[in-house]
Undergrad: 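One structure, pasted below without further comment.
Position 1 is the first residue of the sequence, and the numbers go up from there.
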Amino acid sequence: MRQCPGRYVHREGKPVGGTEARDGKGAAASAGGAGDADGPGGPPAPGGTADGAKAPAALTTPRGRRPVVAALMLGMALAAIDGTIVSTAVPQIVGDLGGFTVFSWLFSGYLLAVTVTLPVYGKLSDTFGRKPVLIAGIILFLVGSLLCAAAWNMAALIAFRVIQGLGGGALQGTVQTIAADLYPLKERPRIQAKLSTVWATSAVAGPVVGGLLAGYADWRWIFLINLPVGAVALWLVVRHLHEPARPRPKTRPRIDWAGALAVFATGTLLLTALVQGGVAWPWLSAPSLGLFAASAALAALTVAIERRAAEPIIPGWVWRRRTIASVNLALGAMGLLMVAPTVFLPTYAQSVLGLGPIAAGFVLSVMTLSWPVSAALSDRVYNRIGFRLTAIIGMSAALLILLAFPLLPYPGEPWQPALIMLLLGAALGLFQLPLIVGVQSTVGWAERGTTTASVLFCRQVGQSIGAAVFGAVANSVLAARLLDAPAPGLPDDLDAVARALEDPGALSAAATDHLRRAVDAAVDYVYIGAAGAAALALLALVVLAPRRFPVISEAVITEAGDSPDAR
């Protein structure tokens, strides 16, 4: 027998033993201060985790990890490709089912369900194990997909998209958690880079596949193709993902149903206010103010419920530990800034540069090419200088790149914003992955699901806030620029301007140029706002994060002859 840090290994899916370090000093340092190295947080205590419960051994052998990794990548692909593949088929869906005024809820409903369920699934995976949560998530997603394909009107399709989102929340959080369970610290960039590649491939392939199916087959196939992919993922998980039996707890695990319902209700009201504000109703209207007031009241109620719960869905230690709290805030700010390229850059490319939808998508997609490469190489940086400093370097570079966007000439060449996006992807890959790997390495098995879910939840909420805030910024800049328009009756919101520029023959040359310059100015201000979000991420890391992440030591027993680095 020999030991190697990082994972538990067993043969043919049957555990042969293993230990995991107790949180010990690492948890205390995470909660209270800096000074611990990015390395073992103290000598391992056999059989313990952060909460004193014995953690399960690893899930697979090095040989057996391959089918599990394949299942994780397929599961992540289901969630990653969903938004991009549906967006291209919206015209066909609306033409068949109607409901043009509410079609945006195809995306908003899914986003709501994913976001508000992330903390719930994280806690459930820590309590009952990863495998049952992942299986339930895949099944829910596939049932939702099948129902979406059979939808008879827009209301039914929106409702079934919510069911898909309930499964998508389990997929996103649990896949990331299992990836951390499978690999030791030094190998986690490999699996995270593979998952990043899934997102990159989905960003490029989604619009293409969705367009082909909607144009040459039927839009219902964009949901039906999930079934074989999900079925393979489900079979691989059931067959190859083995979680060893854990010691029976002294007391029966209690599910905080009241807390789960409160979290769900609070998130639903808040995200509805953010998504629909300024779109379905004005920001200062009664519906908007009422939703914000109700979500604030429910948030206070949620805090009260969680403080009294024996096993809260969102434990207080998520925010009391400096490492986790700082990463949550930093990745929430990253979600905020990501709205600029993902939402506004395609409009800029089409309205200002005059590109078609495919070419505009390519300008954005180059970011997804550099992101996984940078993420895969980030371990060479953080192993030398630490997680925090690596992330600070990445976000500092992103801040400068975002500030460079408003300096681009008008109208400019397509390669110029494409270069900006290529550099931005590299910077964000250097920022995000070290923080996710780092924060997962500061907690034991029994806290990893909750920690991972809290990080993803904050990133999702940041994206929702960014869409609302930057949408208001863009429309206000447009309205100001169009006060002195050369022709009367020009549109004054970004979506309407983009549609008007799709038919330039209906506008005079002067009006067309004025609209394009207005869009250019609006997107410039959005990127300046994104740079502000990058500054907030840096502030969270500089002020709140400990200088060195208190990484927990994991003692691992492998059978003689097994190579720790085998694939």
Side-chain angles (χ1 to χ4, degrees), residues 10 12-14 58-86 88-89 110 113-114 117 121 125 129-150 160-161 163-183 190-210 212-214 217-243 368 372 567:
H10 61 89
E12 305 299 330
K14 299 178 181 179
L59 307 178
T60 56
T61 65
R63 296 190 305 273
R65 283 193 307 195
R66 291 176 180 173
V68 177
V69 170
L72 297 184
M73 294 179 71
L74 289 174
M76 186 63 77
L78 290 173
I81 203 171
D82 184 82
T84 55
I85 195 172
V86 173
T88 56
Y110 180 86
V114 169
T117 55
Y121 287 127
S125 73
R130 326 297 192 209
K131 185 173 182 177
V133 174
L134 182 57
I135 290 175
I138 295 175
I139 291 174
L140 264 177
F141 192 92
L142 296 183
V143 169
S145 298
L146 185 61
L147 291 173
C148 285
F160 299 149
R161 285 280 290 164
I163 296 176
Q164 260 194 319
L166 296 177
L171 287 173
Q172 289 195 28
T174 313
V175 164
Q176 293 279 5
T177 305
I178 293 175
D181 290 341
L182 279 174
Y183 285 83
R190 298 183 186 179
I191 182 62
Q192 291 292 346
K194 290 179 179 179
L195 296 179
S196 297
T197 303
V198 170
W199 282 98
T201 304
S202 300
V204 177
V208 175
V209 175
L212 290 174
L213 291 176
D218 187 273
W219 62 265
R220 299 178 190 273
W221 281 99
I222 66 177
F223 299 107
L224 292 175
I225 62 171
N226 291 333
L227 300 182
V229 176
V232 173
L234 185 62
W235 180 82
L236 289 173
V237 169
V238 172
R239 175 68 178 83
H240 295 283
L241 181 59
H242 300 283
E243 288 187 299
T368 65
R567 300 295 295 162

Undergrad: Any side-chain to backbone donor/acceptor pair from Thr174 onto Leu171? Under 3.5 Å, distance only.
TA: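 Flag not set: sc Thr174 to bb Leu171 has no pair under 3.5 Å.
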Undergrad: Specify the closest pair of heavy atoms between Leu236 and Ala71, including all atoms of both residues, with the distance to one decimal.
TA: CB-CB, 3.6 Å
Undergrad: Taking all non-hydrogen atoms of both residues, which atom of Ala233 and which atom of Gly75 are closest, and how far apart?
TA: CB-N, 4.3 Å
Undergrad: Rounded to the nearest 0.5 Å, what separation is found between the CG atom of Leu166 and the OH atom of Tyr110?
TA: 10.0 Å
Undergrad: Roughly how far apart are Met73 CE and Ile191 CD1, rounded to 0.5 Å?
TA: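 Reported to 0.5 Å precision, the distance equals 7.0 Å.
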Undergrad: Measure the spacing between CG of Leu224 and CG of Leu142 and express it to the nearest 0.5 Å.
TA: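 If we round to the nearest 0.5 Å, Leu224:CG and Leu142:CG are 11.0 Å apart.
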Undergrad: Where is the tightest heavy-atom contact between Ala179 and Leu195, given as atom of each residue plus distance?
TA: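 So the minimum-distance heavy-atom pair works out to CB-CD1, 4.2 Å.
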Undergrad: Nearest 0.5 angstrom please: Leu146 CG to Phe141 CZ, how far?
TA: 12.5 Å
Undergrad: Enter the distance from His240:NE2 to Arg66:CZ here, rounded to the nearest 0.5 Å.
TA: 12.5 Å
Undergrad: With sequence neighbours left out, what residues match Gln172 under side chain to side chain donor-acceptor pair (under 3.5 Å)?
TA: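 Partners of Gln172 by the side chain to side chain donor-acceptor pair (under 3.5 Å) criterion come out as none, since no residue qualifies.
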Undergrad: Considering only heavy atoms from C-beta outward, does the side chain of Leu72 approach that of Val198 to under 4.5 Å?
TA: no
Undergrad: How would you list, by chain and number, every residue that makes a side chain to side chain donor-acceptor pair (under 3.5 Å) with Ser145, sequence neighbours excluded?
TA: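 With sequence neighbours excluded, Ser145 shows a side chain to side chain donor-acceptor pair (under 3.5 Å) to Gln164, Asn226, given in chain and number order.
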Undergrad: Would you say Lys131's side chain and Val238's backbone share a donor-acceptor pair under 3.5 angstrom?
TA: yes
Undergrad: When rounded to the nearest 0.5 angstrom, what is the spacing between CD1 in Ile178 and CZ in Arg130?
TA: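 Rounded to the nearest 0.5 Å, the CD1-CZ separation comes out at 7.5 Å.
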Undergrad: Closest heavy-atom contact between Ala170 and Gly137?
TA: CB-CA, 3.5 Å
Undergrad: Just so I know, are the side chains of Thr177 and Tyr121 near enough to count as touching, which here means a heavy-atom distance under 4.5 Å?
TA: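 Thr177 does not reach Tyr121 side chain to side chain.
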